[in-house]
Amino acid sequence: MSPRCKKLPRSFYERDTLIVAEDILGKYIIYQTNDSKLSARIVEVEAYIGKGDPACHAHKGMTKRNEVMFGKAGHAYIYFIYGMYHCLNFVTEREGFPAAVLLRAAEPVEGLEVMRNVMTDKADRKLLAGPGLFCKVFGLSREQNGLDLTKKTIYLEDRFDKNVELAKSARIGISEGKELEWRFYDKNSPSISRK
DNA sequence: TGAATGATGCGCT
DNA sequence: GCGCATCATTCAT
């Protein structure tokens, strides 16, 4: 009998970013703090790959802000944007090659009470429907930037959920690189950030 | 249901 | 200064 949950190892992230992005749909993200355990089913992501990708933060080389992207796979890259939001990424590929998968949306699973306290007046299925919302509701900020995803605080789990209907589109909110269909989502999810 | 807009602060030129 | 991997609100259709 196979286990119902399996923490994803570093080798999961040390692959081609487009493969990781597709494979990550239907996986579960866990955030364990002192007070609570939050978890959610991932339903929408985008890939940002290397210096040749004009939309990638590492396009113009390494800076203080994006240095985590250049590091070893399986770490959290969290950045601050638009003066009020944070976005969470999973670093992929080999050390020295800057690439990551942006988490755009998820379906809440555990810790609903905590999440509802952050965003009152929002339907449960929309609590994590957007990259900025996800970090706000999960309580993630630059303090968690660089965390190792193979440790106990933040990690991904395979719960052998195969109910994903893969769809692709252009990435959202970028000005260059729009021709690439590097956004992946579960077509059947009610928690997608946009059509 | 979609387009336009303001909020708000940081990193980089 | 300018631009930004966003979101909620407002106004138009």
Side-chain angles (χ1 to χ4, degrees), chain A residues 13 16-25 27 29 40 42-71 73 75-93 97-108 115-147 149 154 156 167-187 189-195:
Chain A
Y13 306 96
D16 182 284
T17 307
L18 295 177
I19 301 289
V20 178
E22 287 192 22
D23 204 10
I24 225 164
L25 295 176
K27 300 295 189 290
I29 179 168
I42 298 172
V43 297
E44 180 181 342
V45 297
E46 287 176 357
Y48 290 88
I49 310 176
K51 294 180 182 172
D53 174 3
C56 180
H57 285 171
H59 178 50
K60 291 177 179 167
M62 185 161 72
T63 66
K64 192 72 186 170
R65 178 207 204 195
N66 67 23
E67 63 181 355
V68 174
M69 279 187 103
F70 286 79
H75 288 257
Y77 166 46
I78 302 178
Y79 62 86
F80 183 64
I81 190 74
Y82 295 119
M84 59 186 95
Y85 297 104
H86 296 268
C87 294
L88 169 66
N89 298 251
F90 309 112
V91 176
T92 58
E93 309 216 19
F97 184 90
V101 172
L102 167 71
L103 173 55
R104 287 197 55 91
E107 298 168 357
M115 300 187 207
R116 290 187 191 117
N117 284 339
V118 181
M119 289 294 287
T120 55
D121 292 7
K122 200 147 187 93
D124 285 351
R125 67 177 203 288
K126 290 294 177 189
L127 279 169
L128 309 173
L133 280 179
F134 180 88
C135 284
K136 182 176 178 184
V137 171
F138 255 54
L140 297 172
S141 69
R142 277 167 297 183
E143 288 174 36
Q144 285 79 33
N145 186 37
L147 276 186
L149 300 169
I154 308 182
L156 299 191
K168 304 177 189 185
S169 80
R171 291 171 293 180
I172 292 171
I174 56 171
S175 52
E176 290 183 274
K178 291 178 181 169
E179 69 285 359
L180 300 167
E181 296 207 314
W182 285 358
R183 170 174 176 250
F184 304 90
Y185 59 99
D186 181 352
K187 205 173 172 181
S189 176
S191 303
I192 294 304
S193 69
R194 302 197 206 170
K195 282 294 210 177

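Excluded from the calculations below are hydrogen atoms, water molecules and symmetry mates; all remaining heavy atoms, backbone and side chain alike, are included. Below, read A as the first sequence line, B as the second, and so on, with proteins coming before strands; counting in each chain starts at 1. From a predicted model like this one, the values you see are computed outputs, not experimental measurements.
Using a distance-only test at 3.5 Å, with no hydrogens or angles considered, no donor-acceptor pair links the side chain of A:E67 to the main chain of A:M62.
Taking both residues in full, the closest heavy atoms of A:Y13 and A:V20 are given as O-CG2, 4.0 Å, listed atom of the first, atom of the second, then distance. Here the shortest heavy-atom pairing between A:E107 and A:L128 reads C-CD1, 4.2 Å. Nearest heavy atom pair, residue A:A55 against residue A:E176, reads CB-O, 3.5 Å.
Nucleic acid contact class of A:R142 (heavy atoms, under 4.0 Å, all strands): sugar-phosphate only. If you check every strand for non-hydrogen atoms under 4.0 Å, A:R171 touches nothing. Here A:L102 lies in heavy-atom contact (under 4.0 Å) with a base. Among the heavy atoms of the strands, none lies under 4.0 Å from A:S193. Residue A:K178 is out of contact with every strand shown, counting any heavy-atom pair closer than 4.0 Å.
When distances run from any side-chain atom of A:M84 to the nucleotides B:dC10, C:dT6, B:dT8, the shortest one goes to B:dT8.
Side chain A:Y82 to base B:dA7: no donor-acceptor pair is found below 3.5 Å.
When the side-chain nitrogen and oxygen atoms of A:S175 are compared with OP1 and OP2 of C:dC4, one or more of them lie within a distance under 4.0 Å. Using a 4.0 Å cut-off, some side-chain N or O of A:R104 falls inside it from OP1 or OP2 of C:dT6.
Aromatic ring pairs are classed by plane angle as parallel below 30°, tilted from 30° to 60° and perpendicular above 60°; the pair A:H86 and A:F80 is tilted.
For A:E181 and A:K168, the salt-bridge test fails: no basic side-chain N is under 4.0 Å from an acidic carboxylate O.
Atom CD1 of A:I174 and atom P of C:dG3 are 17 Å apart (whole Å). When the P atom of C:dT6 is taken as reference, atom CD1 of A:I192 falls 15 Å away, rounded to whole Å. The separation between A:R194 atom CZ and C:dA8 atom P is 11 Å, rounded to whole Å. In this structure, NE2 of A:H86 is placed 12 Å from P of B:dG9, rounded to the nearest angstrom.
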Assess the residue pair A:F97 and A:I49 against the criterion (side-chain contact (heavy atoms from CB on, under 4.5 Å)); give the C-alpha distance rounded to whole Å, side-chain angles, the decisive distance to 0.1 Å, and a yes or no. CA-CA 8 Å; A:F97 184 90; A:I49 310 176; 3.8 Å; yes
What verdict does the side-chain contact (heavy atoms from CB on, under 4.5 Å) test give for A:V118 and A:F138, after you've listed the backbone C-alpha separation in whole Å, the side-chain angles of each residue and the deciding distance to 0.1 Å? CA-CA 9 Å; A:V118 181; A:F138 255 54; over 6 Å; no
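Of all the residues in residues 123-139 of chain A, A:G130, A:P131, A:G132, A:L133 reach under 4.0 Å from DNA chain C with at least one non-hydrogen atom.
Along DNA chain B, the nucleotide nearest to A:I81 and the one nearest to A:T63 differ in position, and the one closer to the 5' end is contacted by A:I81.
Seen from the ring of A:Y48, A:R171 counts as a face-on cation partner, given the 6.0 Å and 45° thresholds.
Every stem involving DNA chain B, taken as at least 3 paired positions in a row under the Watson-Crick or G-U wobble test at 3.5 Å, is listed here: B:1-7 with C:6-12, B:9-12 with C:1-4.
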